[in-house]
Structures are given as structure tokens and as C-alpha cells.
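Have a look at the structure below before the remarks.
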Amino acid sequence: MSPKLEDYDVMGIIGSGSFGTCYKVRNRNTNEYFVWKAIDYGNLTESRKQLLVSEVNLLSELNHPNIVKYYNRILHKETTTLYIIMEWCQGGDLLSVIKHAKKLGTWLEEGFIWRALYQTGRALQACHTRLGRVTVLHRDIKPANIFLDHRGNIKLGDFGLARVLQGDNEYSQTIIGTPYYMSPEVVKGTKYNRKSDIWALGCLIYELCALVQPFSGSDIQELYNRIPDRYSENLVKMIQLMLTVQHEFRPTIEMVLHHPVVVTNVSKYE
Ligand code: ADP
Ligand code: MG
């Protein structure tokens, strides 16, 4: 049976984005909490509508413990609103975590950062290596798009700009918007590829350590000087590896996840 709006109670607004507004809702039958994203498609151009359809179809195909779970959608034609029902990530997003740490003048625990690296990496692995299926590139990895559940587990979300790539074609067709963490090859006009997601992961882990975005400083030495001494050499080494300028030499997600340093530290902090 397809779900209806009447099955849910709206508990409150979480926030608004470029595409719609997110609400916390509760299912009346099960009392479970969800988030629904209400998107008014009435004023969308045909190409934006297509983007929306592909976002929703993509979400429904991705099933992974570190990817925000998509449950359902409700199309409300009377108000030209599409409701996307997804997992409620109680811990909020990493942007808030960063802002909070900055405000308190504290640093994030190294164990938390290794877990973020590993679990975001696992989510990317699920997108990059889908056996027999089309590859998915996230394309917009950034703190605001990474959530935490009630246990503090990472959930990659907001595939708003993610594109589905057909078959073995490694490169996506168009660039939509400007990625928050733009890799050198994308700056130079090369198409966004899997390695560009790795670059973004490197930037994310950097930002969790330094609490500022990378590449706001001018030179590379200054860049790494902004990572506090409290973090291990191994963590800095992994960041440097993911931030390899030439994408041909940058590791794949498999190489990152199987790196001895990652394996050791993830088990250490688990
Ligand atoms: P944006 O374009 O800013 O990403 P969104 O519509 O994606 O806008 O999100 C709006 C707000 O709702 C943000 O504060 C985001 O952190 C929050 N949010 C989005 N999805 C979830 C979720 N599944 N669980 C908890 N909070 C969410
Ligand atoms: Mg978002």
C-alpha cells in the first residue's frame, strides 16, 4: 500500500535548503520518526524536474548502513509537492559539529575522525563499486551533507547533485554547480570522476582536523601547518594521500579503505 500524507504527523521544521524544506515527522501507525523533504516542483523547469526524478530514483537504489536511508515518496499533485521520506539522522550534520567545536574552542577526537573517514569511505565505496550497476558519484561531499544517527554513525546524504553514470563510462557528462571541495582536475576543466570524490573526502577529513576548509591558505606548507599537533602522523599522511594533486596517482576508495594505517586505526578506535 502506498503511503499517504495522513499517515504522518509533522513535528516541526528542521531547515530549508536550495531544493526544499526538511521536516521531522512521525508515522502515526508505528510512532517512528522520519524526515521528509518537501519539494515544490510546480515552478521547476523541465531539466530541474528531470534532476529531481533522478535524485529520487538514485536514493531508492542505495541501501547501505552509511547512506541516509530513503523509505518512500508521496506525490501531492494538488499542491505540486513531492515528499521524500527518509531516515531521521538524530545527530544532525557535520557542519554543526564543526561549528560547535569552533565555538567551544575544542578539537574533535581523533577516533571520531578515523570513524568519519572509514564510514564515509564505506558509503563512497558502495556508490563507486556497485557490481553490475551504474556508478554513482556523490559530487557534493561537504560537512553539511554528512549526517550522524543516534549512535554517532556516519550517514552520507543529499545526493541532490549526484549523477548516475551509464555502464563503464567513468566520467560524468556535465558539471552542475560548483563542488564545495573542488579538485585540481575539476578546476582545470577535466570531468568530475571517482577520484574527485576522493579529493573531497580528503578535504572533509582535513576540515574535521583543522576546523577550517583546506586551500584557504596560500601554500601547501601552511595548509598542513593548520592541522593541530594533537593528531597523529598517520592521520595527516592519509589526508595528504587523498589530496594528491594528480588524480591518476590519487588512491581509489578501495585503496583508502584497505590502507594498513586505516585498518589499524579504525579497529583501534572501534
Ligand atoms: P541544504 O540545501 O541546506 O542541504 P536540505 O533541504 O538538504 O538543505 O536540509 C535542510 C536541513 O535539514 C539541514 O539543516 C539538514 O542538516 C537537515 N537535514 C536534511 N536531511 C536530514 C536528515 N535525514 N536527518 C536530519 N536532518 C536532516
Ligand atoms: Mg542538504
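When a ligand or atom number is given, it counts from 1 through the structure's own listing order.
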Side chain, backbone, both or neither: which part of Asp158 comes within less than 4.0 Å of ligand 1 when only heavy atoms are counted? side chain
Residues Thr81 and Asp40: side-chain donor-acceptor under 3.5 angstrom: no
Side-chain H-bond candidate by donor/acceptor type, Ser60 with Asn57, under 3.5 Å: no
Taking 4.0 angstrom as the limit, do Arg250 and Glu185 come out as a salt bridge? yes
I need the atoms of ligand 1 closer than 4.0 Å to a non-hydrogen atom of Lys37, numbered in the order shown. 5 (P), 6 (O), 7 (O)
Heavy-atom proximity to atom 14 (O) of ligand 1, picking from Leu94, Leu148, Asp93, points to Asp93
With the threshold set at under 4.0 angstrom, would you say Gly20 reaches ligand 1 through any of its heavy atoms? yes
Carboxylate-amine/guanidinium proximity below 4.0 Å for Asp140 and Lys142: yes
Indicate whether the side chain of Asn153 and that of Gln119 have a donor and an acceptor atom separated by less than 3.5 Å. yes
Would you tell me whether Tyr180 and Gln213 have side-chain atoms, one donor and one acceptor, within less than 3.5 Å of each other? yes
What atoms of ligand 1 come closer than 4.0 angstrom to any heavy atom of Glu87? 22 (C), 23 (N), 24 (N)
Does an N or O from Val35, backbone or side chain, lie closer than 3.5 Å to an N or O of ligand 1? no
Would you indicate which of Ala144, Gly15, Cys22 comes nearest to atom 19 (C) of ligand 1 when only heavy atoms are counted? Cys22
